[in-house]
Amino acid sequence: MPELPEVETIKRELEKTIINKKIVDVIVNNPKVIKEPKKEKFIKELKNVKIKKIIRKGKLLIFKLSSGRYWTVHLKMTGQLIWPGNAQKSRVSFKFFDGKILDFNDLRLFGELRIVDDWRKLKFIQELGPEPFEINTTQFKELLKKRKTKIKVLLMDQKFISGIGNLYANEVLFKTKIDPRRQVNKLSDKEKELLFKEIKNILSKAIKYGGSSVDDYVRVSGNKGDYMKFIKVYDRKGEKCFRCKGTIKRISLGGRGTYFCPKCQR
DNA sequence: AATGGGACCTGCGCGC
DNA sequence: TGCGCGCAGGTCCCAT
């Protein structure tokens, strides 16, 4: 599932391929992923404009166009951006002046494409919490104050902090030996500091290795990310804990699969 | 504010 | 072997 490191990887790779290139055609194989404006207008907005800049905010990719408007892409769970593509199994494809194609694939059709005047006005963006890299420890601890929910649910809440999804929430809590069910207000100062440090460490390392290819995520090239080999708990139900030889357990928190070691995560 | 549920989708893996 | 069901998770939305 694409989280901050995966989306950042895609952003960096696309910066090497489509910046300053003109889109000459848009092929829509399934209009469902186009959220605004309607298909015809969407195509018109992208035809004969260049991609000037790529921005990432949380898990959202934003392309600044030469028209001054913005094209946004949310990959949700199964979205992929592939270069060069072929428009064969894509939902929408973008043909550039040199004949090369960027594919937007999305098996489960949850992805969202938009053209907007200003991405900063999107409701999703306005409500988005800060990224871990935009705040310091003091601010992180301040955000946690007065919250009483389970720590794992809060880490995945994009309105609280943006960029962390299910996989990295599980990994960060394993690394810090914190039980995902712990109430936020019961965490010690030391635990909060450690948590914040490891959020940044793990996300940075995942970016360095090009993200984690679980489920459908792949890099722009179609290759898998390399962070897989560092994953300690995600999807390891019933297997031995790498740290204490306990058994990894799977429970549901916030409606999501939660993996942890009940023996060493307290 | 917290919690839990369903909705959106499709392919895969499990159990019978 | 084959079929049907539950599950996967990012986000929104609703009820309590």
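This one's a predicted model, so the numbers in the text were calculated from it and none came from an experiment. Order of the sequence lines fixes the chain letters, A, B, ..., with proteins taken first and strands second; residue numbering starts at 1 for each chain.
- Centroid-to-centroid, the aromatic rings of A:Phe63 and A:Trp119 stay 6.0 Å apart or farther.
- Between A:Glu193 and A:Lys141, at least one side-chain N (NZ, or NE/NH1/NH2) sits under 4.0 Å from a carboxylate O, which counts as a salt bridge.
- The backbone N or O of A:Met156 sits less than 3.5 Å from a side-chain atom of A:Gln158, completing a donor-acceptor pair.
- For A:Arg147 against B:dA1, a side-chain-to-base donor-acceptor contact under 3.5 Å is absent.
- Nucleotide C:dT1 is matched to nothing when pairs are restricted to Watson-Crick or G-U wobble geometry with both distances under 3.5 angstrom.
- Look at A:Gln158 and you'll find a side-chain N or O under 4.0 angstrom from OP1 or OP2 of C:dT11.
- If you measure from atom NZ of A:Lys35 to atom C1' of C:dT11, you get 11 Å, rounded to the nearest angstrom.
- Under the stacking definition used here (centres under 5.5 Å, planes under 30°), the residue A:Phe124 fails to qualify as stacked on the base of C:dT11.
- Between A:Phe110 and A:His74, the ring centre distance reaches or exceeds 6.0 Å.
- Aromatic ring centroids of A:Trp71 and A:Phe94 lie under 6.0 Å apart.
- Residue A:Arg108 places no side-chain N or O under 4.0 Å from the OP1 or OP2 atom of C:dC7.
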Tabulate protein N/O versus nucleotide N/O from nucleotides 3-7 of chain B, keeping only pairs under 3.5 Å, one per line.
residue : atom : partner  : partner atom : Å
B:dT3   : OP2  : A:Thr149 : OG1          : 2.4

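- Taking side-chain N and O atoms only, A:His74 has no distance below 4.0 Å to OP1 or OP2 of C:dG10.
- Phosphate proximity of C:dT11 to A:Lys123: absent, as no side-chain N or O sits under 4.0 Å from OP1 or OP2.
- In summary, A:Glu40 and A:Lys44 do not engage in a salt bridge, as defined by a charged side-chain N under 4.0 Å from a carboxylate O.
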